[in-house]
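The chain is numbered in sequence order, starting from 1.
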Amino acid sequence: MASPPVLAQAVAPDGAGTSPEAAAPQGSATNLDTVSVLGNRSQPRSVSSSAVPIDILGGDEFRNQAATDALDQLRVLVPSFNVSTIPIDDAASLVRPANLRGLPPDNTLVLVNGKRFHRSAVITFLGHGLSDGAQGPDLSVFPSLALEQVEVLRDGAAAQYGSDAIAGVINFGLKKANEGGAFEAFAGQYYEGDGFTTQYSAQVGLPLTARGFATLTLEWREADDTSRSVQRDDAAAAIAAGYPGVPAPAQVWGSPKVEDDLRFVANLGISGDTVDFYLFGNYASREVDGGFYFRDPTARSGVYSNDDGQTLLVGDLTGAGGCPVIPLRDADGNLFPYSTVSAQVAALPGNCFTFLQTLPGGFTPRFGGELEDYSVVAGAKGAWGAWHWDLSASYGRNDIEFLIYNTVNASLGPDQPANLRFRPGGNTQTEKGINVDLGRDFDVGFSQGPLRLALGAEWREESFKVSEGDAASTGIGPLTEQGFALGSNGFNGFSPRTAGTFDRSNWAVYVDVEAQSTERFLLAAAVRHEDFEDFGGTTNGKLTARYDASDSFALRGALSTGFRAPTPGQANISQISTVFGGTSLQDIATLPPTNPIAELKGARPLGPEESRNLSLGLVWDSGDWLVTVDAYRIEVDDRIALSTSFDLSDAERAALVAGGNPEAASISSVTYFGNAFDTTTTGVDLVASVETAHFGGRTTYSLALNWNRTEVDAWDPDFIDEARVYKLEESLPRTKGYFSINHQREVFHANLRLGYYGSWYEDHLDSGVVRAEDGGLPIHEGSKLIVDAEVGWELASGLYFNIGAQNLFDETPADNPWGASVAGAAYPVHSPYGFNGGFYYARVGWKF
């Protein structure tokens, strides 16, 4: 819900009621470096005077680094924010899941100019345990040049902003300019010589009548893919046996290729005599193309063999029979030479088919998608007597059309689509909202100021659409009953039976009050009631206090309850994915809780997650030094996530097919969404900064450190297992932080940042077993120090250029102990600082 009009004081200290969106702009964006609109619903505050912990990142600080994606930019600058590279994880490689304070991406609310931003259409089927099943927003759609500042509220705020604000809130504040602009070019690549990235940015500020502004920002980016792979042992064995066309490496682990990444943001406002009008929105599109698992021509089930590679899978195309058994291995498990096998394949009768005839070297699917995201918010605000009002409407849409190629629908036999390209369909998330916010001050006799009241109401509707795939991607071909896998191998298309649009509406009301009851004591309270048409209502509250013991030292704290509503996508999505099942690839179906197959395995309708947040902190602001320390505790009950996989027996599979569920024919196991475990997350944030005159200029030293731990308090052992619990508790580093030095002297600046990542755990390829002796693939990685450095010059003419390196000393995780023997990844694939190594870059631009 939008912030009330009294947020005007962020740029209009006289309290005249002018909004940040429609305030009279300057030639350059208004500087709000120390002021945040988050933390309360009435009056913006500087970080040092806030009653809750808030990080404020200036636009230049956000942009002046190697990363060109907002996710990676936040990861570097906010210690409690984590995101991985995500090389092979279905749709998660297209919209990467991010974690604030160790919680899933849909536990963080995202705002733009104080208004709720829509979530993405991607549901993270494979999220390394922590993010499995999450549906969060796509932060990468924002061009960094458009941002005035980014505010990160590190405190539960569901009582103020509604669903999703359990871990905190991120607000992207857009620039407001009625003249001037900038052009910029960026280029960089990894030390390995791959991942070459180019980005071009442009911004212009235009007058919109004599009292308004229109700030338009456009960015275009492309990034080549990377490879940090080693040859798989099975692929090497196939090459040694003479199988032709086996790739080297057979499987690519790295960042996906990004093409035509276009991002546009418009921010407009007009200030009238009594009413201010604002309009802002975004448009973004990109194409992403990444790798998938290699299909071994001597073992891949459903395509080449159905008995662990002992014999070749041969199909009878006409029913004439006479298809012989062709062995692939001897009694000791060694591969027969390809020449021996191919001779038998060549002698097959004309009615017999095997994929060794068309793809003798196996194949590695490529998976990607075309993404489109757009939103618009329009509103007006003004004053009516002593009341300030703000009325707005919003529309947001995120659409993704999936693509998979260099693969097959094995059940179709030789009848494959041209160029082995499939369109599996797509997902679309659409959100609409209308809200009204009111605020005014009441003189209740407090000597230090009035009682500030904010209240409002909101209506929202969200829908999740599943678009069916083409016939080839969903087809149940004639070889299905002979053991050939149906659907596009690796990512089955959405069938007409599972396609559809699923929507839900809700309404909410809230009240927020704040009072400086004495010179040193601030007290605020909020309560919000929200009602959803699918599971009913929920009421949440928050109490916040701050005590200034002296002019430089203060204590602060907050106690709140919160919630997150299950999304229509989580309640209705169906998808079949190929995952590594410990020893081999398996087809796993993710099904709605109401699907007959899921119900057979214990699925129940989804309910909301519920949370309790407690934070206590202190602030020391001496003028030169600013130090904040905040401890927090977040309890979340009935967390929503994907279940462990449940194997289907032959009898269950047959019964389901007979009952009208033909897709069950090739499914080895199923998983579904459910409310099944409770967690407690505790942590401490330390933030300190001091500005000096060292080295003949202005030198700022900054330290930000986070310690975070999540414990699973209770779980349903029929829903998740020990391996999932261990990942939830250990997969992220418990300690993460950075120490930075920023030096500015005349036209020259230099930045040095030391980033620290504590030890962490990876269940490689989600093997599902904790210990290696039990067949698991555990990786325990130690701590790492990452160094970033940049120098630059900005001339009086407006011309500027920067050169720098991220991960200056080319640090990577330790070599993957399971790399060659399992799936060919040179490093652990969920490293919190990535695995691509050092990246160098240059940036040149002109401000006018």
Where do A134 and P104 come nearest, in terms of heavy atoms and distance? CB-CB, 4.3 Å
State, to 0.1 Å, how close P828 and N816 come at their nearest heavy-atom pair, and which atoms those are.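 Smallest interatomic distance, heavy atoms only, reads N-CB, 4.1 Å.
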Residues in side-chain contact (heavy atoms from CB on, under 4.5 Å) with [X], at least two apart?
| X | answer |
| --- | --- |
| V76 | Q65, R753, D788, Q806 |
| L686 | V627, V629, L703, L705 |
| R698 | E691, Q744 |
| L732 | N82, N99, L130 |

Quick test of your reading of the model: are R286 and D260 salt-bridged, counting only N-O distances below 4.0 Å?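 The answer is no: the pair does not qualify as a salt bridge.
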Ion pair present between R263 and D373, side-chain N to carboxylate O less than 4.0 angstrom?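 No salt bridge links R263 with D373.
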Any salt bridge (charged side-chain N to carboxylate O under 4.0 Å, His left out) pairs touching residues 801-815, not counting sequence neighbours? K784-E811
Sequence neighbours excluded, every pair satisfying salt bridge (charged side-chain N to carboxylate O under 4.0 Å, His left out) that has a member inside residues 183-204: R63-E184, E184-R843, D194-R228
Kindly state whether the ring of [X] and the ring of [Y] have centres lying under 6.0 angstrom apart.
| X | Y | answer |
| --- | --- | --- |
| Y756 | F739 | no |
| F801 | W793 | yes |
| F839 | Y190 | yes |
| F835 | H830 | no |

Looking at [X] and [Y], would you say the former's side chain and the latter's main chain have a donor-acceptor pair under 3.5 Å?
| X | Y | result |
| --- | --- | --- |
| Y191 | L808 | yes |
| N398 | A121 | yes |
| E781 | A814 | yes |

